[in-house]
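I have placed the structure first, in the form of structure tokens, so that the comments after it can refer back to it.
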Amino acid sequence: MTLPPSPDRRGLLLVVSSPSGAGKTSLCKRLTGEFSELGLSISCTTRAPRPGEEDGREYNFIDRADFEARVARGEFLEWAEVHENLYGTPKAAVMERLARGQDVLFDIDWQGAAQIRAAAPDDMVGVFILPPTLAALERRLHTRAQDSHEVITRRLARARGEIERWPDYDYVIVNDEFDAAYERLARLYQAERDRRVRNPWIAAFVSGLFAQSP
Ligand code: 5GP
């Protein structure tokens with residue numbers, strides 16, 4: 001993917017993946033709440049909204065025909081089938097943010113992460129969130145109480161296969177205690193922002209330093 005030019009900062013693509021119930025969505029919400037320069041990419045999905053979810057906030061909820069038409073028009077940066085539903089990242093919103101030198105956060109699965117890695121290897125930072133135990137994962141899915149028993153059983157059966165993808169990521173965080181896991185995530189995001197390659201303004205700054213010297 002060719003990134004749009006931004007004079008001061010080169011935005012990063014922070015991709016966070018995990019099996020469902022590992023706490024990824026809460027971690028992502030807190031991160032975007034704390035850092036205004038980081039915006040969450042809102043995906044399109046063919047899944048039905050859960051109680052409490054709002055169209056345009058958690059997802060853009062669209063039907064399969066609409067989703068497939070958008071795929072055909074090349075409107076997704078990446079898309080994948082997850083748990084029998086289609087999910088995709090609209091390209092336009094991501095490119096707009098990057099053009100402003102801002103960062104984008106993606107709460108997407110390993111298939112989407114792999115597609116973004118292929119498209120923008122230098123700009124993606126991948127983080128995988130692990131549950132402390134599989135029992136904790138199951139408990140979280142039940143206490144969330146947003147899915148039917150059947151859906152939870154299906155999601156748990158898939159968790160193992162998803163967890164096996166951890167070596168594809170740059171960072172792995174075990175979400176045993178929420179605040180501690182969040183601190184790790186926030187720290188790594190800040191360090192990644194500070195990488196030299198993401199801060200093209202430094203060259204002009206150094207020229208300025210030299211220009212001031214007697
Ligand atoms: P849920 O249905 O629980 O909201 O999400 C199911 C899975 O789909 C999660 O692992 C979530 O990260 C992933 N997902 C959400 N949006 C996207 C997307 O746009 N692309 C891909 N590849 N996965 C997504």
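Note: hydrogens, waters and symmetry copies are ignored here, and every other heavy atom, side chains too, is used. Counting convention: from 1, in listed order, for ligands and their atoms alike. Numbers for residues simply follow the sequence, beginning at 1. Values in this document were obtained by computation on a predicted structure and should not be read as measured data.
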- How close does the nearest protein non-hydrogen atom get to atom 23 (N) of ligand 1, and which residue and atom is it? Asp109 N, 3.1 Å
- Contact atoms of ligand 1, heavy-atom distance to Gly112 under 4.0 Å: 22 (N)
- Give yes or no for whether the N/O distance cutoff of 3.5 Å, strictly under, is met between His83 and ligand 1. no
Only distances under 3.5 Å count here; give the side-chain donor-acceptor pairs of residues 67-75 to other protein atoms, sequence neighbours excluded, each with its distance to 0.1 Å.
| from | atom 1 | to | atom 2 | distance (Å) |
| --- | --- | --- | --- | --- |
| Arg70 | NE | Asp66 | OD1 | 3.0 |
| Arg70 | NH2 | Asp66 | OD2 | 3.3 |
| Arg73 | NE | Glu75 | OE2 | 2.5 |
| Arg73 | NH2 | Glu75 | OE2 | 3.1 |

Please table the atom pairs, donor to acceptor, closer than 3.5 Å between any side-chain atom in residues 111-120 and protein atoms at least two apart or in another chain.
| from | atom 1 | to | atom 2 | distance (Å) |
| --- | --- | --- | --- | --- |
| Gln111 | NE2 | Glu81 | O | 3.0 |
| Gln111 | NE2 | Asp109 | OD2 | 2.8 |
| Gln115 | OE1 | Trp79 | N | 3.2 |
| Gln115 | NE2 | Trp79 | O | 2.8 |
| Gln115 | NE2 | Gln111 | O | 3.4 |
| Arg117 | NH1 | Asp170 | OD2 | 3.3 |
| Arg117 | NH2 | Asp168 | O | 3.2 |
| Arg117 | NH2 | Asp170 | OD2 | 3.2 |

- Please state which protein non-hydrogen atom is closest to atom 19 (O) of ligand 1 and give its distance, to 0.1 Å? Ser43 OG, 2.6 Å
- Does CD belonging to Glu177 count more than 12 external heavy atoms closer than 6.0 Å? yes
- Taking only heavy atoms of Thr89, which atoms of ligand 1 are found under 4.0 Å from at least one of them? 19 (O)
- Message: For Arg47, which part has a heavy atom under 4.0 Å from ligand 1: side chain, backbone, both, or neither?
- Response: side chain
- The protein heavy atom nearest to atom 11 (C) of ligand 1 is Lys24 NZ, 3.6 Å
- Query: Starting from atom 6 (C) of ligand 1, which protein heavy atom do you reach first, and at what distance in Å?
  - Reply: Tyr87 OH, 3.6 Å
- Task: Measure the OH-CD distance between Tyr59 and Glu54 for me, rounded to the nearest 0.5 Å.
- Result: 15.0 Å
- Message: Determine whether Glu150 and Arg154 satisfy the following criterion, salt bridge (Lys or Arg N to Asp or Glu O under 4.0 Å), listing intermediate values before the conclusion.
- Response: CA-CA 6 Å; Glu150 187 207 334; Arg154 253 199 338 255; 3.1 Å; yes
- Message: I'd like to know whether Ile108 forms a side chain to side chain contact (heavy atoms under 4.5 Å, CB included) with Tyr87, so could you lay out the CA-CA distance, the side-chain angles of the two residues, the decisive distance to 0.1 Å, and finally the verdict.
- Response: CA-CA 8 Å; Ile108 61 176; Tyr87 295 82; over 6 Å; no
- Query: How does Gln111 reach ligand 1, if at all, at less than 4.0 Å between non-hydrogen atoms: by side chain, backbone, both, or neither?
  - Reply: neither
- Counting only heavy atoms not in Arg184, do more than 12 fall under 6.0 Å of its CZ? no
- Message: Regarding atom 18 (C) of ligand 1: of the candidates Ile116, Val151, Ile108, which has the closest heavy atom?
- Response: Ile108
- Query: With a 4.0 Å cut-off, would you call Arg165 and Glu162 a salt bridge?
  - Reply: no
- Task: Quick one: look up the protein heavy atom nearest atom 4 (O) of ligand 1 and list residue, atom name and how far away it is.
- Result: Tyr59 OH, 2.5 Å
- Query: Does ligand 1 have an atom that lies less than 4.0 angstrom from a heavy atom of Gly88?
  - Reply: yes
- Message: Which residue and atom name correspond to the protein heavy atom nearest atom 7 (C) of ligand 1, and how close is it?
- Response: Val82 CG1, 3.7 Å
- Electrostatic pair Glu84:Arg158 at N-O distance under 4.0 angstrom: yes
- Task: Please say whether more than 12 non-hydrogen atoms of neighbouring residues, nucleotides or ligands are located less than 6.0 Å from CZ in Arg50.
- Result: yes
- Message: Once you restrict to heavy atoms under 4.0 Å, what part of Arg50 touches ligand 1? Side chain, backbone, both or neither.
- Response: side chain
- Message: Around atom CZ of Arg196, are there more than 12 heavy atoms from other residues, nucleotides or ligands closer than 6.0 Å?
- Response: no
- Where does Arg155 meet ligand 1, judged by heavy-atom distances below 4.0 Å: at the side chain, the backbone, both, or neither? side chain
- Message: Considering non-hydrogen atoms of the protein only, which is the closest contact for atom 20 (N) of ligand 1, and what is the distance?
- Response: Glu78 OE2, 2.7 Å
- What atoms in ligand 1 come closer than 4.0 Å to a heavy atom of Ala80? 22 (N)
